[in-house]
Amino acid sequence: MSNSKIDPTTVATIWHSMQTICKEMRHIVKRTAQNYLIGQLQDLSVGIWRADGATIAVPAGLPVQFLGTTFAVQDLVKTFAKNIHPGDVFLTNDPYHGGHNCHLPDWGYIRPIFYKGELMFFSLCRGHQMDTGGSFPGGYFPNGYDIHAEGICIPPIKVVKQGRERTDVIDLILNNVRWPDGVKIDLYAMIGATTRCEKRLIALLDTYGKKTVKAAVQEMLARTERAVRDEIRKIPDGIYEGAAATDDDGTVLDEPVWVRVKITVKGDRMTLDFSESDAQRKGFVNSVYAATYGNAIAAVCLAFDPALADYHNQGTMAPIKVIAPLGSVVNCQYPATVGASPVNVGNQVMEAVLEALSKALPHRAAAAWGKHRGDYVFAVDPRNGERYVRTTFDYDGSGGAVWGYDGYQGLSSITALGAVNRGNVEEMEVRIPWRQLKYEMVADFTGAGRWRGGPGIHWEAVNEGSAGQMATGSSDGDEMLGFGACGGLPSPPCRTYLRRNGEDVRVKPHRMTDVKEGDVLIKHSSGGGGVGDPAERDPEMVREDVENELVSVNAARDVYKVVIDPITLEIDYEATQELRGRSSR
Amino acid sequence: MDEKGRLEKFKASTTPSDPSKGLMDALNKAARFYGLDARDFLGQIEVLVHGTTLATNILLTGRGAKAGMITTEGFRDTIEIRRAIKPIDVSLYNLFIPPNRPLIPRSRRIGIAERTLYDGRVLTSVNERQVADAVAKLETQGVESIAVCFLHSYANPANERRAAEICREVAPKIFVSTSHETLPVWREFERFNTTTVGAYVGPAVGRYLNALDQVLKDSGFRGTLLMMLANGLVQNISECVKRPVFLLHSGPAAAPAAAVHIGKSMGARDLLSVDMGGTSFDVCLINNGEIPATTEHWENDQRVAIKMVDISSIGAGGGSIAKIDSLGLLRVGPESAGAEPGPACYGRGTEATVTDANLILGYVPADYFLGGEMKLDGDASRRAMKPLAGRLGTDEVGVAEAIFRTVNANMAGKITEVSTKRGYDVRDTVMIAGGGGGPIHAGFIAESLGIGTIVVPPVAALYSAFGMFAMDIGQDYARSFVSRVGNIDLAALNRVFAELEKEALASFRSHGIGADKVVLKRTADLRYVGQFHEVECDISNGKLTQKAVDAAAAAFARKHEELYTFAMPWKPVEVLTLRLKATTPKARFTLTRVAAGGKNPASALKRRRTCRFEGRDVNTPVYDGEKVLAGHVIAGPAIIEETTTTVVIPRKFVCSVDKYKNYVLTRRRG
C-alpha cells in the first residue's frame, strides 16, 4: 500500500491531535460564549474537513449540525473557486443555497486552512444562537409562512476577508437579530475557535510536514473504512424496516408525520432508503438532505463496535448510502420551513434507523430516548427591564435502554447523543425571572424492559416575571411514543400544562401560547424506551428500583412480574416465580 | 529536614488497616537515624506536613461510607440527573455504558421543605420536624454520614446551618457536612456532588486524622500537624475534618512541585511529572514551570469542583491486579491488591499483580525490597501467574511480560490524553519519574511516547513528600462578590479582602507564624457580562481604588485574548469571586551531594542477574545506588538498586548521574 511507509504511531498521533484540536475549539467557545445554549448546554459542533470535503475529525457535536458538512464544503469550494484565501472566514446558516444547514439558529463559521500556499483543510464551528431574527425569538415557532419568516437567511458569505473583519456585513446581520450584543460575543467566540484550529493545524503540519500529514489523513480514512466495512459484514444480509412519527407538523394539527426507513444490508455495504417517508409538509418539521444524512449516519454508528466510536470519519460514510427523495419531509425544497426539524423529524430519522438496526442486531439494540421537550419562553425580566428567551434541555426525560444496560439518567434528546447538558437551577434563577418548584425523577414513567429506560422527569417552575409567550416548537411525544426494542415497552406519553388560577391547561407540542404572570409551567417528560421483556428483568434490579421509588410495588408486580413486600421491600421469590412461570406459559 | 536545612528521607510500607501505623513506622525509622529515642525525636519536630492518598483510594475502590443526603424538597435527584453529563471519556457514538451510580442512592436522599432564593432571601425556613424525621430514618438505614445540600446556600447558609445543627442533635455520631462549607460557590450540581464526595470519604478520613492526632500526641509530638491538600496547600486537622473532600490527591498534589524543583536544577521548564505508586499512576503536565490548577476535575466519574492541582490519574500501580476478561483479553487494574493483602510475592495475596510481574522479569530484587527489609516470594508470584498462563497459552514469564506491556500501555495512553488535552507535544518535555514504581516503568513508557529525557530523582520513592518541602505552605480563601467593575462598591470590596486577610493571618498565627512572614496574593474571577465562565486575574494588595480594579479588568482582557484568541473591549466586565492565597515562604534546604567519580561505574557494580528485556533473558549488571558517584555513565540494559526503589534502564537509554544523584536517562541516538 502506498502509505505503508507511515508508521502507525505517527498516524495515531496525528489522529489524536486532530481530535484534541476539536475538543480545544469546543472548549474555547464554551468558556467564552454568552448564550446559555452554547455556554452551558453545549449546543455546539466542531470538526475538521479536508479541502475536498472529506470528513476527517468529528469527535464532538450534534450529528445534525455537522455530520453533513461534507456537502457544504464541497459547494463552498465550487462556488468560491479561486476566491478562497488564507484568513477568510465564511458564515452560513442557510439550509438552502449551498449552506446545507439544519435550521436557521445554527450559525456555522467555516475557515479554510492553508499551508505553504495550498488549501489543506476546512474547520467548522457551528452553534445554536440566542436568536436569528424571524417572527418570534428562539427559532422553534410554528406556522411560519416560509423559510424567510423563520429568520435571516445567510448563504455562505465571508464575514472575515483575508484577516479583516467585514464590519458592514456583520452589522447588517446583527441588525436583523434580537440581542445583537450577545450574538456578537458568540460570533467572536466561534471565530476564535476556528483561529485556534488553524494555529494548531499549522503547528501539526510544521512538525510532520505536509506530505506526512496528508498521507496520515488518507490512512485514517482507509483504516476507519476497513473497520466499518467489517462491522457491516457482521450484520446479517437482509432488509430491515423502522418507522417513527412526530405528533404533528405544527400547522396541520394532530396529524402525525412519518419517517420510514428500509435498510438493505449486503456484504460490506448498506443502503438507508427513506423513500416511504411522508411528503414535505406545510409545517416546520421539514429536514434538508444534509440534516437527514447526519442523523442517519450517526444512528448507524451507534450499532457499530463502541471501540470505533472515537474514530469515525469519511471512511465511515463511504460504504453507507442514504436515499431521501427530493420533496419529502426528509429532503425538503426551498422555501419549506425547517425550524423544528433538527428535533422533529431529526429525532424520528434516528429512531427509525435504530429500530430497524435493533431488529438486525439484537445484541446492539438501542431503544428510543425520551422525546425532546423544549419550550421557548420569551418575556421581560422585571429585575432589569430586559427581554429574555428561555432555552433549555432541563425539561427532557432520560436516555433509552440498550442491550445490557438501563437507559442513562437525564440524557437529553437523542439527536444530541448526550453532547448537550442540562443547566443548574441556581444559574437559571439568577438569569431569568422564574422560580423552580420541582425538578425530579418520577416513578413508573419510562419504558419498562429487561433493561428499562432512564427515568422520566417532572419539572415545574413559576413565572415571576412579566407576561409573555411560549413556543412548544421543539417539544414532542404527547401522542407518538418512543419505541422499545426486543420486547421492551415504549416510553409513556408526555404532557405539558400551564397552571393558571389553580387550573391546569394542557399545551400540546408545536403550538404558540400566552404565558401570564404567576403561571406555573409543568412538564411531565417520560424516560426512554425499554429493551427486552420486562418479565425477564433481574428481580434484584426491580427491588432496587422499588427501594429507590423509581418503580412502584404495583408496577413491579404487573409489569415486571416481581412480587415485592410493600413494607419490608423484600422480594417474595416464591410468588415471583409463580407469577413469572404463569406469564411465560 | 533538620535545623541546618539538610533533607533526609525515610519510607515505610502502607498499613491500610491502621494507616497511622505506617506514618509512625517511618517516624521511628527517622528517630533511629538521628540516634534519638522516638519520643524525644517527635518532641523536637516543629512542623509535620502529612500527605495521604486515603481519600482518593476510598473513592477509587468504592469503599466509602454509607451516606445519606438531606436536600431541598423537589430536588433530590440533582446528583443523579447530573446535568446529563455522560462519563467524560465516553464517546458521543457509544451508547453501551452502564447508567451512573450516584455515591448516595435515591433511597437515601430525602427532600425537606425549605427554600432560599438566588439573592439570599429565605423564602421558606427549614422545616425542623422534617429534618429530624429524615435523620432518624437515615439512622435506621445505617447511614454514617449525611450531606446537607440546599439550593442557593452559597448566598445564605442559614437553612443549611440549621439543618446541620439538627442532624448533630438527633444523631451525634453521624458525620455531617454541608454544601456551603464544602464549596461556597453557586451552581448546585457541582456543589452538591462535591459535598457528596466529601460525605462519602469523610468518616474514614475523620477517623484516620483523629487517630493520627492522638497517636502523635501520645508519642510526644508537640508541634503543628498540617495536612497536604488537593490545591497544593496545607491545612490543620480541625479544618480538614470539616472539608474532607480537600484531602483528595493529598500527597500526589505535591508531586508537581517536586518536578518543578528538579527541573529548575536542570534548566528544564516543560515537564511531565509521573508518579506510580501501589494503586494509581498520576500525571501532571507542567508548561513553562507553571503548575496547572483546575476547578473542572472529575475523580473516578465524580465531579469535584474545588480548586485542585491539575493531576490526572488511572488505576495503574504496583498492586494492580491482572485478570482475563470475558473476551479472553488481559486487563491490568484498576482493581488493586493494595498493601494488604498486597502482591502475591508479599506472601499474603494470591492474585497476580504488576509487582509480581516485575519480580519475575528480574526488575525488582527479591532480597533487596525496601533495602532488604522485606523478602519477596518469587514462587508465590509464579503460582499467581499460573492460572493466567493457562488461559493465555503461555508460561509464567510470558504472562509477566504481557502484564508489564499492558500496564505500560495504559500509562502511556493516559499521558497522551493529558498532553493532547492541553495542546502540548509530550515529546518536548522532560519526564520526571517518581513513586515506588515510576523508576521501573518510566523508561519503557518514555520509549513508546518518543520522550528523550527522563529524570529519576534519588527521592523518587518519596516523590510527593519531597514536593511538600519544595513548596510554600499556605491556604486558599474565597468569597463570592458579584458586581460589575464599572460601579463596584469599593468600600465593600475592601472590607471583604480585609476579612479574608484577617482570617488568613489568624490561621497562620495559630500555627505560630507571624504576619511579617506571610505573603498575601489576591486574585479575582472576572468575566465579560453575559459569559458563563470566569478567568482568574491578579488584583493588587492594599486599599483598592477604582484604578486598581480597572487595572485588573485590563489584565483580564489581555489574559482572555491569550487564552481564547480575542478580547471584547466594548463589553463591561464583572467580578464573581474574590480569592486570597496566603503563603509563607518555604525554608531553604539543600540536597545531599554525592562525590564525583569518573564515567566508569564499575566501582558501583553490585552483582549481575538475569532480567527480561525485549523478550529475551539478559545477563544484566546491577548497580548499588549507595555507591553510585556523580559523573557515572551507565548504559542500558542495566538496573540500579536504591533502598526504596529500583531504576530500570532499557536498552535504548543511557543513564548519567548528576551531582545530586539524579539519574538522567537519555535516549540513544539512532
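Convention: sequence-line order gives letters A, B, ...; per-chain numbering from 1. Just so it is clear, the values below take in all heavy atoms, side chains as well, and ignore hydrogens, waters and symmetry mates.
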Notebook entry, point to check: So what's closer than 4.5 Å to chain A heavy atoms on B:Val535: side chain, backbone, both or neither?
Noted result: neither

Item checked: Under 4.5 Å from a heavy atom of chain A, the part of B:Leu123 involved -> side chain

Notebook entry, point to check: Are A:Tyr188 and B:Trp570 an aromatic pair by the rule of ring centers under 6.0 Å?
Noted result: yes

Next item on the list: Could you please spell out the steps behind the side chain to side chain contact (heavy atoms under 4.5 Å, CB included) verdict for A:Gln409 and B:Ile81?
Entry: CA-CA 6 Å; A:Gln409 303 96 316; B:Ile81 297 169; 5.7 Å; no

Nearest non-hydrogen partners of [X] and [Y], listed with the distance:
X        : Y        : value
A:Ala298 : B:Tyr93  : CB-CE2, 4.4 Å
B:Leu151 : A:Val425 : CD1-CG1, 4.1 Å
A:Leu417 : B:Leu95  : CD2-CD2, 4.5 Å
A:Ala416 : B:Leu92  : O-CD1, 3.7 Å
B:Pro99  : A:Tyr408 : CA-CD1, 3.7 Å

Which atoms of [X] are under 4.5 Å from chain B, going by heavy atoms: the side chain, the backbone, both sets, or neither?
X        : answer
A:Glu544 : side chain
A:Val300 : neither
A:Val29  : neither
A:Leu437 : backbone
A:Trp369 : side chain
A:Ala365 : backbone
A:Ala366 : side chain

Heavy-atom pairs under 4.5 Å with chain A - which of [options] has more of them than the others?
options                     : value
B:Thr78, B:Val90, B:Ile85   : B:Ile85
B:Gly450, B:Pro98, B:Ser91  : B:Pro98
B:Glu80, B:Lys86, B:Met568  : B:Glu80
B:Arg101, B:Glu534, B:Glu73 : B:Arg101

Item checked: Listed partners of B:Arg83 passing salt bridge (Lys or Arg N to Asp or Glu O under 4.0 Å), at least two apart ->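 Expected list: B:Glu190.
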
Notebook entry, point to check: Is a side-chain donor or acceptor of A:Asn424 paired with a backbone partner of B:Phe189 at a separation under 3.5 angstrom?
Noted result: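 A pair under 3.5 Å: yes.
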
Next item on the list: May I ask you to decide if A:Met441's main-chain N or O and B:Asp77's side chain share a donor-acceptor pair within less than 3.5 Å?
Entry: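 Yes, B:Asp77 side chain to A:Met441 backbone: donor-acceptor pair under 3.5 Å.
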
Checklist line | Salt-bridge contact B:Arg121-A:Glu429 (side-chain N to carboxylate O under 4.0 Å) | finding: no

Notebook entry, point to check: Are the charged groups of B:Arg187 and A:Glu426 less than 4.0 angstrom apart, N to O?
Noted result: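 Salt bridge absent between B:Arg187 and A:Glu426.
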
Next item on the list: Evaluate the side-chain proximity of B:Glu188 to A:Glu427: yes if any heavy-atom separation is below 4.5 Å, no if none is.
Entry: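 Side-chain contact under 4.5 Å: no.
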
Next item on the list: State, with a plain yes or no, whether a side-chain heavy atom of A:Arg364 is found less than 4.5 Å away from one of B:Phe96.
Entry: yes

Margin query: A:Gln436 vs B:Phe75, test: side chain to side chain contact (heavy atoms under 4.5 Å, CB included). Steps then yes/no.
Written below: CA-CA 9 Å; A:Gln436 194 84 35; B:Phe75 299 89; 3.3 Å; yes

Checklist line | Where at least one partner belongs to residues 27-36 of chain A, residue pairs that pass salt bridge (charged side-chain N to carboxylate O under 4.0 Å, His left out), sequence neighbours excluded | finding: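 Sorted pair list: A:Arg31-B:Glu296.
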
Checklist line | Ring-face cation of A:Arg383 near B:Tyr118 (centre distance under 6.0 Å, axis angle within 45°) | finding: yes

Margin query: Suppose we screen for side-chain hydrogen bond (donor to acceptor under 3.5 Å, both in side chains). Which residues come up paired with A:Thr316, at least two apart in sequence or across chains?
Written below: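 A:His312.
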
Check: Most heavy-atom pairs under 4.5 angstrom with chain B, which of A:Gln34, A:Lys438, A:Glu440?
Finding: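 Maximum pair count with chain B is reached by A:Glu440.
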
Margin query: Heavy-atom pairs under 4.5 Å with chain B: which of A:Gln19, A:Lys184, A:Met428 has the most?
Written below: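 Most heavy-atom pairs within the cutoff with chain B belong to A:Lys184.
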
Margin query: Would A:Tyr405 and B:Ile97 count as a side chain to side chain contact (heavy atoms under 4.5 Å, CB included) here? Give the steps.
Written below: CA-CA 7 Å; A:Tyr405 298 114; B:Ile97 56 167; 5.6 Å; no

Notebook entry, point to check: Looking only at heavy atoms, which of residues 102-112 of chain B get nearer than 4.5 Å to chain A?
Noted result: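 Only B:Pro105, B:Arg106, B:Ser107, B:Arg109 of residues 102-112 of chain B have a heavy atom under 4.5 Å from chain A.
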
Checklist line | Donor-acceptor pair between A:Tyr439 and B:Arg76 side chains, under 3.5 angstrom | finding: no

